[in-house]
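Just so you know, ligand 1 is whichever comes first in the structure, and atom 1 is the first atom listed for that ligand. FYI, the numbering just counts along the sequence from 1.
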Amino acid sequence: MTIVHRIVRQGEVASTNEEAKARGKAGAAEGLVIVAESQSAGKGRLGRTWSSPPGGLYLSLLLRPQLTTKELLRMTVYSCVPVAQAIEEVTDLQVQVKWPNDLELNGKKLGGILVEGVSKLNRLDFVVLGIGINVNAEPATDKVERAVSLRAVLCREVDQEQLLASVLQHLDRFYSRLKKGEVDEVGYKRRSSVLGRKVEANLGGKVVRGKALRVLKDGGLVVRSDEGPLVKLSWVSETTLRLLETEEASLQ
Ligand code: BTN
(Lines give C-alpha, C1' and ligand atoms only; values in the text may rest on other atoms or scores of the structure.)
Protein backbone atom coordinates (compact mmCIF):
# COMPACT_ATOMS: atom_id res chain seq x y z
CA MET A 1 0.00 0.00 0.00
CA THR A 2 1.36 3.42 -0.90
CA ILE A 3 1.62 6.03 1.80
CA VAL A 4 0.08 9.44 1.39
CA HIS A 5 2.78 12.08 1.54
CA ARG A 6 2.05 15.39 3.22
CA ILE A 7 4.86 17.68 2.21
CA VAL A 8 5.70 20.56 4.53
CA ARG A 9 8.08 23.04 2.92
CA GLN A 10 10.24 25.23 5.06
CA GLY A 11 12.88 27.88 4.49
CA GLU A 12 15.83 27.43 6.79
CA VAL A 13 15.43 25.03 9.70
CA ALA A 14 18.00 23.68 12.14
CA SER A 15 17.48 20.11 10.92
CA THR A 16 14.61 18.50 9.01
CA ASN A 17 15.15 15.34 11.08
CA GLU A 18 14.63 17.34 14.27
CA GLU A 19 11.51 18.99 12.81
CA ALA A 20 10.07 15.62 11.82
CA LYS A 21 10.92 14.15 15.24
CA ALA A 22 9.15 16.99 17.04
CA ARG A 23 6.04 16.45 14.92
CA GLY A 24 6.26 12.69 15.32
CA LYS A 25 6.35 13.09 19.10
CA ALA A 26 3.26 15.30 18.82
CA GLY A 27 1.48 12.43 17.05
CA ALA A 28 1.92 13.21 13.33
CA ALA A 29 0.92 10.33 11.07
CA GLU A 30 3.36 8.53 8.81
CA GLY A 31 3.91 10.05 5.42
CA LEU A 32 4.83 13.50 6.71
CA VAL A 33 7.73 14.92 4.69
CA ILE A 34 9.69 17.94 5.86
CA VAL A 35 11.65 19.64 3.08
CA ALA A 36 13.88 22.60 3.83
CA GLU A 37 15.73 25.05 1.59
CA SER A 38 18.69 24.97 3.94
CA GLN A 39 19.64 23.77 7.41
CA SER A 40 21.60 25.63 10.04
CA ALA A 41 22.41 22.48 12.03
CA GLY A 42 22.06 19.61 9.54
CA LYS A 43 23.11 16.35 11.16
CA GLY A 44 25.06 13.41 9.82
CA ARG A 45 25.96 10.10 11.36
CA LEU A 46 28.30 9.97 14.36
CA GLY A 47 27.29 13.45 15.47
CA ARG A 48 28.81 15.03 12.39
CA THR A 49 27.36 18.15 10.84
CA TRP A 50 25.81 18.00 7.39
CA SER A 51 26.65 21.09 5.39
CA SER A 52 23.28 22.31 4.06
CA PRO A 53 23.48 25.49 1.96
CA PRO A 54 20.56 26.51 -0.31
CA GLY A 55 20.57 24.44 -3.49
CA GLY A 56 20.78 21.04 -1.81
CA LEU A 57 17.88 18.67 -1.21
CA TYR A 58 17.19 18.16 2.49
CA LEU A 59 14.21 16.09 3.48
CA SER A 60 12.94 13.89 6.28
CA LEU A 61 10.18 11.32 6.01
CA LEU A 62 8.23 10.22 9.07
CA LEU A 63 7.35 6.51 9.14
CA ARG A 64 5.67 4.29 11.69
CA PRO A 65 6.76 0.77 10.76
CA GLN A 66 6.34 -2.30 12.93
CA LEU A 67 10.08 -2.77 13.34
CA THR A 68 12.48 -3.18 16.20
CA THR A 69 15.36 -0.78 16.77
CA LYS A 70 17.71 -3.52 15.57
CA GLU A 71 16.00 -3.55 12.18
CA LEU A 72 16.85 0.09 11.56
CA LEU A 73 20.23 -0.95 10.21
CA ARG A 74 18.46 -2.68 7.34
CA MET A 75 16.45 0.46 6.69
CA THR A 76 19.53 2.70 6.75
CA VAL A 77 21.59 0.50 4.47
CA TYR A 78 18.99 -0.52 1.91
CA SER A 79 17.24 2.87 1.66
CA CYS A 80 20.35 4.01 -0.22
CA VAL A 81 19.07 1.98 -3.20
CA PRO A 82 15.77 3.80 -3.88
CA VAL A 83 17.48 7.16 -3.40
CA ALA A 84 20.22 6.14 -5.84
CA GLN A 85 17.55 4.95 -8.30
CA ALA A 86 15.78 8.30 -8.09
CA ILE A 87 18.99 10.24 -8.79
CA GLU A 88 19.78 7.91 -11.68
CA GLU A 89 16.30 8.33 -13.12
CA VAL A 90 16.51 12.12 -13.07
CA THR A 91 20.14 12.53 -14.15
CA ASP A 92 21.19 9.36 -16.04
CA LEU A 93 24.27 9.19 -13.77
CA GLN A 94 25.36 5.94 -12.11
CA VAL A 95 25.28 6.31 -8.34
CA GLN A 96 27.27 4.11 -5.96
CA VAL A 97 26.32 3.25 -2.41
CA LYS A 98 28.94 3.01 0.31
CA TRP A 99 28.07 1.06 3.42
CA PRO A 100 26.39 2.04 5.62
CA ASN A 101 24.69 5.24 4.44
CA ASP A 102 26.59 7.12 1.74
CA LEU A 103 25.62 7.95 -1.81
CA GLU A 104 28.61 8.48 -4.05
CA LEU A 105 29.62 9.51 -7.55
CA ASN A 106 33.03 8.21 -8.60
CA GLY A 107 34.16 7.78 -5.02
CA LYS A 108 33.06 11.24 -3.91
CA LYS A 109 30.27 11.85 -1.46
CA LEU A 110 27.06 13.02 -3.12
CA GLY A 111 24.62 12.43 -0.30
CA GLY A 112 23.80 10.59 2.86
CA ILE A 113 20.96 9.05 4.80
CA LEU A 114 20.34 9.42 8.51
CA VAL A 115 17.70 7.09 9.96
CA GLU A 116 16.68 7.90 13.52
CA GLY A 117 14.28 5.85 15.59
CA VAL A 118 12.29 7.27 18.48
CA SER A 119 11.07 4.84 21.13
CA LYS A 120 8.18 5.02 23.55
CA LEU A 121 7.68 2.57 26.42
CA ASN A 122 10.58 0.45 25.14
CA ARG A 123 9.06 0.08 21.68
CA LEU A 124 9.97 1.83 18.46
CA ASP A 125 7.32 4.53 18.11
CA PHE A 126 8.39 6.06 14.79
CA VAL A 127 11.30 6.48 12.45
CA VAL A 128 12.63 9.55 10.69
CA LEU A 129 14.43 8.86 7.44
CA GLY A 130 16.52 11.90 6.58
CA ILE A 131 18.13 12.40 3.19
CA GLY A 132 20.63 15.00 2.11
CA ILE A 133 21.76 15.30 -1.52
CA ASN A 134 24.24 17.81 -2.91
CA VAL A 135 22.15 18.86 -5.90
CA ASN A 136 22.83 22.44 -7.02
CA ALA A 137 25.17 23.51 -4.23
CA GLU A 138 28.68 22.59 -3.27
CA PRO A 139 28.81 21.48 0.34
CA ALA A 140 30.85 23.85 2.48
CA THR A 141 33.03 21.34 4.22
CA ASP A 142 36.65 20.95 5.15
CA LYS A 143 36.57 17.68 3.18
CA VAL A 144 35.25 19.43 0.09
CA GLU A 145 37.66 17.58 -2.17
CA ARG A 146 35.91 14.34 -1.19
CA ALA A 147 32.41 15.69 -1.85
CA VAL A 148 30.59 16.33 -5.11
CA SER A 149 27.31 17.82 -6.31
CA LEU A 150 25.08 16.85 -9.23
CA ARG A 151 25.50 20.31 -10.71
CA ALA A 152 29.29 20.05 -10.65
CA VAL A 153 29.21 16.74 -12.52
CA LEU A 154 26.47 17.60 -15.00
CA CYS A 155 27.49 21.24 -15.52
CA ARG A 156 23.82 22.22 -15.24
CA GLU A 157 21.20 22.69 -12.55
CA VAL A 158 19.00 19.73 -11.67
CA ASP A 159 15.25 20.15 -11.10
CA GLN A 160 14.86 19.71 -7.33
CA GLU A 161 11.10 19.15 -7.55
CA GLN A 162 11.50 16.35 -10.05
CA LEU A 163 14.18 14.79 -7.89
CA LEU A 164 12.05 15.09 -4.74
CA ALA A 165 9.05 13.45 -6.47
CA SER A 166 11.22 10.62 -7.75
CA VAL A 167 12.87 10.06 -4.34
CA LEU A 168 9.47 9.83 -2.64
CA GLN A 169 8.12 7.47 -5.29
CA HIS A 170 11.09 5.10 -5.04
CA LEU A 171 11.04 5.27 -1.24
CA ASP A 172 7.39 4.33 -1.27
CA ARG A 173 8.10 1.13 -3.18
CA PHE A 174 11.07 0.42 -0.92
CA TYR A 175 8.97 0.88 2.21
CA SER A 176 6.17 -1.40 0.97
CA ARG A 177 8.71 -4.14 0.35
CA LEU A 178 10.56 -3.51 3.61
CA LYS A 179 7.35 -4.03 5.58
CA LYS A 180 7.10 -7.47 3.98
CA GLY A 181 10.71 -8.20 4.94
CA GLU A 182 12.02 -7.72 1.39
CA VAL A 183 14.98 -5.62 0.29
CA ASP A 184 16.68 -5.13 -3.08
CA GLU A 185 19.87 -7.08 -2.47
CA VAL A 186 20.71 -7.24 -6.18
CA GLY A 187 20.24 -3.49 -6.67
CA TYR A 188 22.41 -2.89 -3.62
CA LYS A 189 25.19 -5.19 -4.75
CA ARG A 190 25.26 -3.66 -8.22
CA ARG A 191 25.81 -0.19 -6.78
CA SER A 192 28.10 -1.03 -3.88
CA SER A 193 31.46 0.73 -3.95
CA VAL A 194 32.95 -1.48 -1.24
CA LEU A 195 32.06 -5.11 -1.99
CA GLY A 196 35.10 -7.04 -3.16
CA ARG A 197 37.41 -4.24 -2.03
CA LYS A 198 39.94 -3.86 0.77
CA VAL A 199 38.48 -1.80 3.57
CA GLU A 200 39.39 -0.50 6.99
CA ALA A 201 36.62 -0.33 9.54
CA ASN A 202 36.89 1.54 12.79
CA LEU A 203 34.51 0.01 15.30
CA GLY A 204 34.52 2.66 17.97
CA GLY A 205 38.31 2.41 18.39
CA LYS A 206 38.91 -1.19 17.27
CA VAL A 207 40.33 -1.28 13.76
CA VAL A 208 39.56 -4.15 11.37
CA ARG A 209 41.22 -4.41 7.96
CA GLY A 210 40.12 -6.89 5.34
CA LYS A 211 38.04 -7.53 2.26
CA ALA A 212 34.36 -6.55 2.17
CA LEU A 213 32.55 -9.73 1.13
CA ARG A 214 28.81 -9.16 1.28
CA VAL A 215 25.97 -7.16 2.73
CA LEU A 216 23.46 -9.28 4.62
CA LYS A 217 19.72 -8.90 4.45
CA ASP A 218 19.76 -7.29 7.90
CA GLY A 219 22.15 -4.62 6.59
CA GLY A 220 25.30 -5.96 8.23
CA LEU A 221 28.54 -5.91 6.24
CA VAL A 222 30.68 -9.05 6.32
CA VAL A 223 34.43 -8.48 6.11
CA ARG A 224 37.08 -11.21 5.80
CA SER A 225 39.67 -9.76 8.15
CA ASP A 226 43.35 -9.93 7.21
CA GLU A 227 43.83 -12.14 10.28
CA GLY A 228 41.38 -14.69 8.83
CA PRO A 229 38.09 -14.59 10.73
CA LEU A 230 34.92 -13.13 9.29
CA VAL A 231 33.79 -9.96 11.03
CA LYS A 232 30.24 -8.67 10.78
CA LEU A 233 29.91 -4.91 10.93
CA SER A 234 26.57 -3.80 12.19
CA TRP A 235 27.02 -1.27 14.94
CA VAL A 236 26.31 1.63 12.64
CA SER A 237 26.38 4.36 15.23
CA GLU A 238 30.02 3.70 16.05
CA THR A 239 31.42 2.36 12.83
CA THR A 240 33.30 4.17 10.09
CA LEU A 241 34.55 2.56 6.93
CA ARG A 242 37.10 3.58 4.33
CA LEU A 243 38.46 1.99 1.20
CA LEU A 244 42.13 1.04 1.36
CA GLU A 245 42.89 0.75 -2.33
CA THR A 246 41.99 2.10 -5.73
CA GLU A 247 39.65 0.24 -8.07
CA GLU A 248 42.57 -0.72 -10.30
CA ALA A 249 44.36 -2.35 -7.38
CA SER A 250 41.31 -4.34 -6.32
CA LEU A 251 40.90 -5.85 -9.79
CA GLN A 252 44.39 -7.34 -9.75
C1 BTN B 1 25.44 11.17 6.72
O2 BTN B 1 26.03 11.10 5.65
O3 BTN B 1 26.04 11.00 7.79
C4 BTN B 1 23.95 11.39 6.73
C5 BTN B 1 23.59 12.77 6.30
C6 BTN B 1 22.10 13.01 6.35
C7 BTN B 1 21.75 14.46 6.10
C8 BTN B 1 20.27 14.68 6.03
S9 BTN B 1 19.85 16.27 5.39
C10 BTN B 1 18.19 16.02 5.82
C11 BTN B 1 18.18 15.33 7.17
N12 BTN B 1 18.25 16.31 8.23
C13 BTN B 1 19.38 16.23 8.91
O14 BTN B 1 19.71 16.97 9.87
N15 BTN B 1 20.14 15.24 8.43
C16 BTN B 1 19.50 14.56 7.33
Residue, atom name and distance, where the atom is the protein heavy atom closest to atom 3 (O) of ligand 1:
Arg45 N, 2.7 Å
Among all protein heavy atoms in this structure, tell me which lies nearest to atom 5 (C) of ligand 1, with the distance rounded to 0.1 Å.
Trp50 CE3, 3.5 Å
Does Val128 sit in a hydrophobic cluster with other residues, and if so which ones, taking ILVMFWY side chains as linked at heavy-atom separations under 4.5 Å, directly or through other members?
Val8, Leu32, Ile34, Leu62, Val118, Phe126
So, Ser119 and Asp125: side-chain donor and acceptor under 3.5 Å apart, yes or no?
no
min-distance protein heavy atom vs atom 1 (C) of ligand 1 -> Asn101 ND2, 3.3 Å
Of the choices Glu116, Lys109, Glu19, Gln39, which has the non-hydrogen atom that lies closest to atom 12 (N) of ligand 1?
Gln39
Which of the atoms in ligand 1, numbered in the order shown and given with their element, are less than 4.0 Å from a heavy-atom of Ile113?
4 (C)
Using a heavy-atom cut-off of under 4.0 Å, does the side chain or the backbone of Ser60 touch ligand 1, or both, or neither?
side chain
Can you confirm whether more than 12 heavy atoms, excluding those of Arg64, are under 6.0 Å from its CZ atom?
yes
Connected-component partners of Leu230 among ILVMFWY, side-chain separation under 4.5 Å:
Leu213, Leu216, Val222
If you measure every N/O of Tyr58 against every N/O of ligand 1, is any gap under 3.5 Å?
no
Counting from 1, what ligand 1 atoms have a heavy atom of Gly44 closer than 4.0 Å?
1 (C), 3 (O), 4 (C), 5 (C)
Would Gln39 and Thr16 count as having a side-chain donor-acceptor pair, cut-off 3.5 Å?
yes
Nearest-contact summary for atom 15 (N) of ligand 1 - protein heavy atom, Å
Lys43 O, 2.8 Å
Under the side chain to side chain donor-acceptor pair (under 3.5 Å) test against Arg191, which residue among Glu88, Gln96, Glu104 passes?
Glu88
Regarding Glu71 and Thr68, do their side chains bring together a donor and an acceptor under 3.5 Å, going by distance alone?
yes
In terms of atom number and element, which parts of ligand 1 are under 4.0 angstrom from non-hydrogen atoms of Gly42?
14 (O)
Pick one: which of Arg177, Arg173, Lys179 meets side chain to side chain contact (heavy atoms under 4.5 Å, CB included) with Tyr175?
Lys179
Could you tell me, atom by atom, which parts of ligand 1 come under 4.0 Å of a heavy atom of Thr16?
10 (C), 11 (C), 12 (N)
Does only the side chain of Leu46 get under 4.0 Å from ligand 1, or the backbone, or both, or neither? Count heavy atoms.
neither
